[in-house]
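Notes follow once the structure below has been shown.
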There are 4 protein chains.
Amino acid sequence: MSGVNKVILVGRLGKDPEVRNLDNGAVVANFSIATSESYKDRTTGEKKEVTEWHNIVLWRGLAEIAQKYLRKGDMVFIEGKLRTRSWEKDGVTRYTTEIVGDNMTMLTPKTGAGGGASQEYSSAERSPAESMRTNAPVDNSTDDLPF
Amino acid sequence: MSGVNKVILVGRLGKDPEVRNLDNGAVVANFSIATSESYKDRTTGEKKEVTEWHNIVLWRGLAEIAQKYLRKGDMVFIEGKLRTRSWEKDGVTRYTTEIVGDNMTMLTPKTGAGGGASQEYSSAERSPAESMRTNAPVDNSTDDLPF
Amino acid sequence: MSGVNKVILVGRLGKDPEVRNLDNGAVVANFSIATSESYKDRTTGEKKEVTEWHNIVLWRGLAEIAQKYLRKGDMVFIEGKLRTRSWEKDGVTRYTTEIVGDNMTMLTPKTGAGGGASQEYSSAERSPAESMRTNAPVDNSTDDLPF
Amino acid sequence: MSGVNKVILVGRLGKDPEVRNLDNGAVVANFSIATSESYKDRTTGEKKEVTEWHNIVLWRGLAEIAQKYLRKGDMVFIEGKLRTRSWEKDGVTRYTTEIVGDNMTMLTPKTGAGGGASQEYSSAERSPAESMRTNAPVDNSTDDLPF
DNA sequence: TTTT
DNA sequence: TTTT
């Protein structure tokens with residue numbers, strides 16, 4: 001790899017995630033989250049707000065967690081990378097920029113069994129034991145999705 | 001400047017912020033936030049959790065917002081930089097690493113007037129108008145704190 | 001503001017920046033930077049590379065620095081936020097996602113007078129004096145561009 | 001996990017990395033990198049610089065890459081997490097805060113065989129194929145270090 | 001302890 | 001459109 005491509009977002013889901021099971025067995029979730037910024041209009045002095053919508057794509061384990069736990073209006077932390085796809089429509093090439101998430105923390109407390117705190121999920125979890133400079137670390141969290 | 005020194009945290013306050021007014025009129029807030037990581041112990045198979053405490057320092061406007069709105073247990077997003085200070089105690093030089101925040105978003109909904117959503121604050125707010133490639137970009141970066 | 005919208009990139013410029021002076025006196029620079037990722041093709045076992053292009057927008061002081069110092073092929077660190085704009089062409093609404101930079105560090109050493117190390121520039125510079133818990137914190141955030 | 005604990009640094013190594021092989025077969029590298037910030041002294045008007053040193057810890061594959069390729073003076077991008085350890089010395093408990101890196105990009109071009117561009121390494125590499133919404137993604141980069 |  |  002060459003370079004760094006990182007996005008960090010905290011925002012709310014505009015709708016429930018759309019989750020699909022691909023033919024090859026992969027699971028993918030799509031949803032949008034909004035971030036907004038307020039500022040004072042220079043000429044009128046009014047306080048205004050600009051909302052930005054971000055298209056999130058999650059794969060495999062993260063997609064399944066999104067499907068189970070994320071709902072419209074929930075706040076999430078998403079870490080991922082930018083990816084722009086092109087596609088044809090009516091003979092016109094269009095471009096969509098998405099954030100492919102590899103790390104997610106739910107910031108809206110989930111009520112019910114065990115609910116409460118935020119919960120982070122990663123597409124490549126790694127044990128913190130390796131941070132502890134002692135012996136016997138490491139959970140090589142295998143990835144047992146069917147592909 | 002040379003290089004990049006950036007920290008991004010989402011965690012909960014261990015206690016209420018301590019806020020002090022310095023002789024020169026500056027306001028500074030100190031508090032700690034916890035992040036934790038869970039992993040499976042390799043030998044016992046048990047799920048374990050490691051908690052990390054981060055010392056946060058906020059200045060001026062951010063310190064005042066912390067004083068007003070942040071309480072023990074609240075979840076916050078903090079963006080800042082690492083800074084290690086040294087100090088003497090009992091003839092021994094000790095070091096403390098802190099995160100000097102320059103951006104903060106409260107993630108625990110505040111009930112009461114206007115409460116509800118998260119709210120972001122920056123030590124150097126800038127209008128998003130400049131992002132809009134139209135006329136009259138805006139600089140409202142005035143800083144009217146008493147120092 | 002509500003939420004967090006942050007992008008961090010390290011990549012190379014595909015071309016020299018395009019810099020324009022707007023009627024209102026603002027300066028804006030546009031350029032693209034590439035990040036790439038290598039991976040092993042699952043079926044063929046070949047090592048492949050995917051390149052992602054990011055559209056960068058810089059305003060005012062950062063635009064002027066880009067104009068002076070950034071050239072095709074140079075490596076830069078960019079910190080900013082995502083912003084999607086829509087525009088019409090041939091009766092079709094199109095969308096472009098850009099990164100509006102608020103912090104930049106040049107990573108390609110500049111030879112010649114004073115050249116050498118990386119240099120960071122921010123759209124809202126702030127003195128580190130405030131990090132030093134001593135007397136007289138500093139606000140030198142004046143913004144003397146002509147708008 | 002609960003929360004987010006992320007550090008992003010671009011700086012130069014003060015010395016060559018120290019690399020050790022632990023009894024359990026793990027490899028760990030330690031080195032410091034400097035970031036600096038310049039500011040104008042408020043009273044004297046002089047331009048000053050503050051340097052911050054960050055203690056980096058890398059494990060396994062990243063440690064081996066550091067050993068092979070990183071040298072004093074090199075510039076690197078490091079992504080990781082904060083971790084504070086305590087230890088005893090002369091009956092006094094001391095604390096050290098380190099950055100445990102999980103992603104690294106070398107920003108100093110390496111001359112010699114194959115040298116030149118920046119190169120990124122991750123502690124948990126993942127194929128970008130999964131980003132491409134086609135069939136047959138995924139390289140489950142196994143982790144074959146001896147522990 | 002880096003670098004300009 | 002960069003770079004190796």
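Predicted, not measured: the structure shown is a model, and the values here were computed from it. So that the names make sense, note that chain A is the first sequence line, chain B the second, and so on, each numbered from 1. Below, each value reflects all heavy atoms present in this structure, side chains not excepted, and no hydrogens, waters or symmetry copies.
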Within this structure, what is the [atom1]-to-[atom2] distance between [X] and [N], rounded to whole angstrom?
X     : N     : atom1 : atom2 : answer
D:L70 : E:dT3 : CG    : P     : 14 Å
C:M75 : F:dT1 : CE    : P     : 20 Å
C:D16 : F:dT2 : CG    : P     : 12 Å
D:W53 : E:dT3 : CH2   : C1'   : 9 Å
D:I33 : E:dT3 : CD1   : C1'   : 12 Å
D:E18 : E:dT1 : CD    : P     : 14 Å
C:Y39 : F:dT4 : OH    : P     : 21 Å
D:N55 : E:dT2 : CG    : C1'   : 14 Å

Can you tell me whether the side chain of D:T51 and the base of E:dT2 have a donor-acceptor pair closer than 3.5 Å? yes
From [options], nucleotide with atom closest to [X] side chain:
X     : options             : result
C:K15 : F:dT2, F:dT1, E:dT2 : F:dT1
D:S32 : E:dT1, F:dT2, F:dT1 : E:dT1
D:E49 : F:dT3, E:dT4, F:dT1 : E:dT4

Salt-bridge present (C:K81, A:E52; N to O < 4.0 Å):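 No, C:K81 and A:E52 are not salt-bridged.
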Any salt bridge between C:K40 and C:E46, counting N to O under 4.0 Å? no
Compile the donor-acceptor pairs under 3.5 Å between side chains in residues 87-94 of chain C and protein atoms, sequence neighbours left out, one pair per line.
unit_1	atom_1	unit_2	atom_2	d
C:W87	NE1	C:T96	OG1	2.8
C:E88	OE2	C:T93	OG1	2.7

With D:K48 via side chain to side chain donor-acceptor pair (under 3.5 Å) - residues at least two apart: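 Per chain and number, D:K48 pairs via side chain to side chain donor-acceptor pair (under 3.5 Å) with D:D41.
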